[in-house]
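Here is the structure we will look at, set down as structure tokens.
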Amino acid sequence: MAAAGNVFLRARGRTLTAFRPDAEYQWKGPFYFIQGADPQFGLMKAWTHGDTNNGDDEWGEEIKLAEQAVQAVNKLNPKPKFFVLCGDLVHGMPGSRWKKNQEQDLKDVLKNTGQDIPLVFVSGNHDIGNTPTRETIDDYCKNWGDDYFSFWVGGVFFLVLNSQLYFDSSKCPELRQAQDAWLDEQLAVAANQKCKHIIVFQHIPLFLSKPDEDHDYFNLDKSVRQEIMEKFHKAGIRAVFSGHYHRNAGGSYKGLEMVVSSAIGCQLGQDTHGLRVVVVTEEKVVHRYYSLTELGSHGIEKELLDMLAKQK
């Protein structure tokens with residue numbers, strides 16, 4: 001396990017230093033992890049005031065929600081293998097007035113996550129910009145670790161992708177090409193290692209409910225989407241987990257499940273502030289979204305705990 005002081009920089013050299021690959025290639029039985037998305041410090045006030053560009057000068061509400069999320073995760077027994085945050089860590093865009101303060105306040109909350117629960121960070125559009133540049137990505141990496149990387153846990157291969165490079169890489173096309181080449185290499189590695197499952201984390205969903213739905217702000221362009229979906233399908237990827245939509249949604253494409261999780265922070269629909277519990281068994285990946293209150297008060301339901309207890 002990496003030193004406590006580096007809990008935000010465990011993604012280095014395109015891998016996650018919290019897990020040693022040689023110790024994690026083998027299937028060891030069912031396990032689970034926690035997925036959260038969009039703590040997005042600053043959006044709640046900005047959204048309420050109708051000024052999403054400059055209205056993010058207060059985020060006390062989000063601090064409380066993030067604290068509630070961390071407390072809920074810390075109470076879980078057995079412990080999750082890791083806690084992944086699927087982007088939009090804060091609301092401030094690169095270079096905006098409050099971004100550094102928002103990031104520091106989020107770190108002050110997240111550093112209370114149990115030391116035996118590694119944090120995994122995914123870059124979102126508010127973290128690196130709607131049209132990222134090499135500079136905005138470098139800045140993110142200095143704060144939160146690599147923008148894309150892979151890691152193994154118990155015979156399962158996890159890929160963290162920078163979906164902003166798929167959304168608009170016009171200011172850094174060479175970085176998009178580099179991620180594409182790296183991804184192809186990683187999928188070849190996964191095929192050779194005969195992993196149980198491959199699971200992807202990215203901020204922007206491929207799609208919200210239907211693979212052929214029209215493109216808008218909350219999903220990827222149809223041509224890019226089709227190419228990625230087909231690549232993922234051919235590689236045998238089981239599921240893609242994302243955020244960005246601030247609502248729960250999802251669908252499937254040829255057996256590839258697209259899971260869109262609502263936010264820890266600001267809700268844009270009818271969902272509650274929450275987290276997703278994801279159980280990985282030898283045969284399948286099962287998940288359920290819990291409100292922060294429900295998870296903190298009652299923990300994981302018996303049906304999911306029973307799946308974890310079935311050691312092979």
Side-chain angles (χ1 to χ4, degrees), residues 11 14-16 33-40 82-89 119-132 136-137 140-141 144-151 156-169 172 175-184 186-187 190 197-209 211 213 215-233 235-253 256-264 276 278 285 287:
R14 302 294 176 208
T15 190
L16 193 70
F33 62 86
I34 300 294
Q35 183 219 4
D38 302 273
Q40 205 156 342
F82 58 86
F83 177 16
V84 58
L85 281 168
C86 281
D88 280 4
L89 305 174
L119 293 163
V120 181
F121 298 105
V122 182
S123 62
N125 56 305
H126 283 264
D127 305 310
I128 60 176
N130 285 320
T131 306
T136 63
I137 292 173
Y140 170 87
C141 294
W144 305 103
D146 285 353
D147 58 323
Y148 59 90
F149 55 95
S150 64
F151 60 101
V156 176
F157 192 46
F158 292 93
L159 292 158
V160 171
L161 298 179
N162 179 346
S163 56
Q164 228 43 49
L165 294 174
Y166 295 128
F167 192 82
D168 183 358
S169 62
C172 54
L175 298 185
R176 158 86 188 266
Q177 289 161 5
Q179 178 173 252
D180 284 344
W182 172 87
L183 177 57
D184 288 342
Q186 295 301 302
L187 294 177
H197 308 289
I198 310 172
I199 293 172
V200 170
F201 301 118
Q202 60 185 59
H203 179 61
I204 301 180
L206 297 169
F207 56 89
L208 299 175
S209 59
E213 70 197 18
H215 169 55
D216 66 18
Y217 175 78
F218 288 113
N219 60 21
L220 291 181
D221 179 79
K222 282 177 91 165
S223 61
V224 175
R225 180 197 316 166
Q226 187 60 40
E227 186 185 330
I228 297 171
M229 288 191 309
E230 206 42 44
K231 179 182 285 193
F232 285 4
H233 164 65
I237 290 173
R238 177 61 63 113
V240 177
F241 289 88
S242 67
H244 190 51
Y245 193 41
H246 294 255
R247 285 154 280 208
N248 286 311
S252 64
Y253 173 81
L256 166 71
E257 188 179 8
M258 181 66 245
V259 184
V260 184
S261 293
S262 197
I264 293 170
R276 192 172 295 276
V278 186
V285 177
H287 51 87

Per side-chain contact (heavy atoms from CB on, under 4.5 Å), I137 is matched among D146, N162, D127 by N162
So CG of L175 and CH2 of W182: to nearest 0.5 Å the spacing works out to 14.0 Å
Query raised in the report: Hey, do the aromatic rings of F167 and H203 have their centres closer than 6.0 Å?
Result: no
Output for pair (I204 CD1, D221 CG), nearest 0.5 Å, gives 11.0 Å
(message) Less than 6.0 angstrom from the centroid, inside 45 degrees of the normal: does R247 satisfy that with respect to the ring of F218?
(response) yes
| Hey, are the side chains of M258 and Y253 touching, using non-hydrogen atoms and a 4.5 Å cut-off? | no
task: Dump the intermediate steps for side-chain contact (heavy atoms from CB on, under 4.5 Å) on S123 and W144, then the final yes or no.
output: CA-CA 9 Å; S123 62; W144 305 103; over 6 Å; no
Heavy-atom nearest pair, S252 first then P211, reads O-CG, 3.3 Å
Examine the side chains of Q35 and H287 and answer whether a donor and an acceptor come within less than 3.5 Å of each other.
no
When rounded to the nearest 0.5 Å, the distance separating OG of S242 from CG of L206 is 7.5 Å
Q: Compare all side-chain heavy atoms of V160 with those of L16 and state whether any distance is below 4.5 angstrom.
A: no
Separation between SG (C141) and CD1 (I128), nearest 0.5 Å, reads 8.5 Å
Aromatic ring proximity, centroids under 6.0 angstrom, F33 and F158 | yes
Report task. Report yes if some heavy atom in the side chain of D147 is under 4.5 Å from a heavy atom in the side chain of R14; otherwise report no. Result -> yes
Are any side-chain N or O atoms of D88 and backbone N or O atoms of N125, one a donor and one an acceptor, separated by less than 3.5 Å? yes
Tightest non-hydrogen contact, residues Y140 and G145, listed as CE2-O, 3.5 Å
* Are H246 and Q40 close enough that some pair of their side-chain heavy atoms sits under 4.5 Å apart? -> yes
T15 side chain to S150 backbone, donor-acceptor under 3.5 Å | yes
### Message
Under a 3.5 Å threshold, yes or no: a donor from one side chain and an acceptor from the other, between Y148 and Q202?
### Response
no
Kindly determine whether N130 and Q164 satisfy side-chain contact (heavy atoms from CB on, under 4.5 Å), including the steps that lead there. CA-CA 7 Å; N130 285 320; Q164 228 43 49; 4.2 Å; yes
Test side-chain contact (heavy atoms from CB on, under 4.5 Å) on Y166 and D180 and set out the steps. CA-CA 10 Å; Y166 295 128; D180 284 344; 3.4 Å; yes
Would a distance-only check, ignoring hydrogens and angles, find a side-chain to backbone donor-acceptor pair under 3.5 Å from N219 to D216? yes
message = Please verify the inter-ring angle class for F201 with F151; under 30° counts as parallel, over 60° as perpendicular, anything in between as tilted.
response = parallel
Would you check, one step at a time, whether the test side-chain contact (heavy atoms from CB on, under 4.5 Å) holds for F232 with L183?
CA-CA 10 Å; F232 285 4; L183 177 57; 4.0 Å; yes
task: Tell me, yes or no, whether the heavy-atom count around E230 atom CD, taken from other residues, nucleotides or ligands under 6.0 Å, exceeds 12.
output: yes
Sub-6.0 Å ring centroid separation between Y217 and H244 | yes
Taking the side chain as C-beta and beyond, is there a heavy-atom pair between L165 and C172 under 4.5 Å?
-> yes
Value for OG1 (T131) from CG (D168), rounded to nearest 0.5 Å, stands at 3.5 Å
So CD of E213 and CZ of R225: to nearest 0.5 Å the spacing works out to 5.0 Å
TODO: Report yes if the side chains of K231 and D184 come closer than 4.5 Å at any heavy-atom pair, otherwise no.
DONE: yes
Handout entry: Any R276 side-chain heavy atom under 4.5 Å of N248 side chain
Key = yes
